[in-house]
Amino acid sequence: MELSSLNKQQLEAVCATEGRIRVVAGAGSGKTRALAYRYAYLVNELGISPANILCLTFTNKAAQEMRQRIAKLVPEGNFNDFICTIHAFCVKVLRKEIYRVGYPKSFVVLDEEDAKALAKEVLEDVNEDRTETTVQNFLNEIAQRKADQTYVGQYMLPDSPLVSSVSDNFVRYLEKQKRGFALDFNDIIAFAIYILDRFASAREYWQKELNYIMVDEAQDCSGSDWYIADLLSKRHNNLFIVGDPDQAIYEWRGAKPDLFVSFKSDRDIILNQNYRSTPEILDAANSIIANNKNRIPKDLFTRRPLSTKVVHFHAKNEKEEAEYVARKIVEMAGQGSSLSDFAILFRAAYLSRGLEQELMKCKLDYTMWGGVRFFDRKEIKDVLSYLQLIEFGNDLAFERVVNVPSRKLGKAFLSELRKRASVDGSSLYDTLKRHINDKPLNRPGAHEFVALIENCRSYKMAVGITGLMTYLLDESGLMRLVREDEDEDRLENVEELLQSIMAYEEENKEDDVTLQNYLQDVALYTNLDRKSVGPRIRLMTIHQSKGLEFPHVFITGLNEGIFPSARTVRERRVSGLEEERRLMYVAATRAEKTLILTESEGFNMATKTNKYPSRFIAEIKKGCLVTEGTMDETLWEGTRELMRSLMPEEWTEQALKKGDKVVHKVFGGGTVAAVNLQQDAYEVHFENGDIRNIRGKFLSLC
Ligand SMILES: Nc1ncnc2c1ncn2[C@@H]1O[C@H](COP(=O)(O)OP(=O)(O)OP(=O)(O)O)[C@@H](O)[C@H]1O
């Protein structure tokens, strides 16, 4: 087997087959390559059957890629499907073992849509509201309650006590699942743990089978993932984990990066050489991540030759920012790059709107990787349909929004309305207005709806499009609907649409700005023919970009409060900020040749302030960054002000160090003698002789 393409540490990782091995791998240091070669080494050199190797990846896509890579390294037909995600593996375990708890081998795996349908059924049974939001919130509650895995024994097994008398929708949902032998994603893990814990013969079988276990992206494993990997490796004790604590970006949804850091290994191997990026990109990424205090420092280096500096482009507004990105792509594509060489990354999905519009305008093909295009998102289509109904009264728009939010106008109501519209030969909305006092159509929800549309029609001239949309969002209940939805993206998308309409009115104030004009303009983006199959620019959130690499990367929307996200920093303080910084590190290290950071002035909905450049740009080492676009340097003061307001204690952490002269409003002047960052406490020797431990925010620098 050809191992000469590996460096010394990668080779060491490949050949360290026995024991508990931890590989701490920096970004782009070839961990995926090392994993693939290690698998092939076990098969080709040690004669291990693939049936005895479990290789756990983070996503199905990553599993697929890993299988393809391994397929090239082992003789044909010699790899099996134990290269998979933890969920896929647990399904395999359950197909074999679930009979032990009275479920059939052919149990059903519920996908998201199935789970939604089941949740709806439960709410229908008890006559509760079944709007999209309520159903989603109910599903979130179910997921939360399933985090405590005791529910399996308590409710879900055939001999679990009868619970139909319990007036709890969660239990009703479980009852339904149990009746259909249906498991959702949470159950798959919980059932596997339940069986492996309680049935020694099942546990021993799998422990015996799995001679070698490898785990990729171990920094993002949850507590259950760790538990399963650890349990299964107890017999052969060959557990190989690879991860990068600097790329831990899923703590917010239960990942436990600390378990990677505290893993008791027989041997640690560090992969420090980055093969992906230019020295300038790597330097920039290293200098950003160095600001995290809760981290094990590691020196990632590259031997690639010096290239171009990282670019920071400052724009006067969002439109200019998007125009710059599109212009740069056209320019670089003209020099030989393919559109598929470009990735545009952003912190949150709503930020794609301006970029998408600009790319469409410039006829640059793009794809939304792992997500939905802005104008195809449900909440955006709902708002635009309302506006269309107000302006044009068309049936398609009517059908889309008449029951959004629910007005209890069911199938019978709509079919009666359609019948009458066809007899009258007029639109659904006009028919409803005409016959609203006739018995089958005379419903409170119908009256409400007609009043809403009529009010909007009469206000629209006076209040402009922004005013109309604000009124519509409030009066229709749409805003309440997206606010109640626990999926924060929806609210951000609607706010983004509102912002963009405001900007549209501002830009076109000299001309005739009417709702009709706006809808016609926006139709250019909503009705686009998307059949092209050629190379495309990839747009994605940074979370989606994990594990990928691209020659040219744009990180857009780099404003304080957007990235780092104000919400995350406010809610999770230092740990949230550090996770945001790791996200920035992941984003920057996706780039091979070009890294361009963009941000713009304007208004920031997240902080309700003007926009200022992100602190992450300021953290980049001076020598590796060039700024394009004219920027008033005093904007950095705005950044600092915002940083202070987002997390005052973090600001003090940064500002105070041993030896600093400080003042306290009661104890007076003093000197910082020791710093305890974790507790944000400072030992201050006051001039009056007192020595006290004081929280940072109560001290000011003299
Ligand atoms: N020894 C090597 N020689 C040449 N190229 C290498 C070597 N190791 C890795 N590479 C290349 O470096 C790039 C990064 O490798 P890989 O994707 O395996 O890194 P990674 O550690 O999984 O990255 P990340 O964690 O940032 O997603 C790939 O293009 C890979 O082909």
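Read the numbers this way: they start at 1 and go in the same order the structure lists the ligands and their atoms.
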- Task: Assess the pair Phe616 and Phe563: is the distance between their ring centroids shorter than 6.0 Å?
- Result: yes
As an exercise, identify every atom of ligand 1 less than 4.0 angstrom from a heavy atom of [X].
X	answer
Gln247	25 (O), 26 (O)
Ser29	19 (O), 21 (O)
Glu549	13 (C), 14 (C), 28 (C), 29 (O)
Gln10	1 (N), 2 (C), 7 (C), 8 (N), 9 (C)
Ala27	26 (O)

[atom]: the protein heavy-atom neighbour that sits closest, reported with distance to 0.1 Å:
atom	result
atom 25 (O) of ligand 1	Lys31 CE, 3.0 Å
atom 22 (O) of ligand 1	Thr32 OG1, 2.5 Å
atom 4 (C) of ligand 1	Tyr275 CD2, 3.5 Å

When the side chains of residues 26-35 are checked against the rest of the protein, which donor-acceptor pairs come out under 3.5 Å, sequence neighbours left out?
residue	atom	partner	partner atom	Å
Ser29	OG	Gly26	N	3.3
Ser29	OG	Gly26	O	2.6
Arg33	NH1	Ser5	O	3.2

- Within less than 4.0 angstrom of ligand 1, does Gly26 place any heavy atom? yes
- Query: For Gly28, is at least one N or O under 3.5 Å away from an N or O on ligand 1?
  - Reply: yes
- Query: Between the side chains of Arg69 and Tyr39, does any donor sit under 3.5 Å from an acceptor?
  - Reply: no
- Item | Pair Glu599-His314, side-chain donor/acceptor within less than 3.5 Å | yes
- Message: If you take the nearest heavy atom of each of Gly30, Ala62, Gly547, which one is closest to atom 19 (O) of ligand 1?
- Response: Gly30
- Nearest to atom 17 (O) of ligand 1 by heavy atom, Arg590, Arg276, Arg33: which? Arg276
- Task: Would you check if the side chain of Gln9 reaches a backbone N or O of Ile269 as a donor-acceptor pair within less than 3.5 Å?
- Result: no
- Message: Taking Thr17's backbone N and O only, do any of them form a donor-acceptor pair with Arg38's side chain (distance below 3.5 Å, no angle check)?
- Response: yes
- From the options Ile281, Ile542, Val553, select the one residue that forms a side-chain contact (heavy atoms from CB on, under 4.5 Å) with Arg590. Val553
- Check Ser5 against ligand 1 and report side chain, backbone, both or neither, counting heavy atoms closer than 4.0 Å. backbone
- Item | Note: Asp230-Arg20 ion pair, threshold 4.0 Å (strictly below) | yes
- Before giving the answer on salt bridge (Lys or Arg N to Asp or Glu O under 4.0 Å), spell out for Lys593 and Asp341 the whole-Å C-alpha distance, their side-chain angles and the decisive distance to 0.1 Å. CA-CA 10 Å; Lys593 299 179 186 158; Asp341 290 343; over 6 Å; no
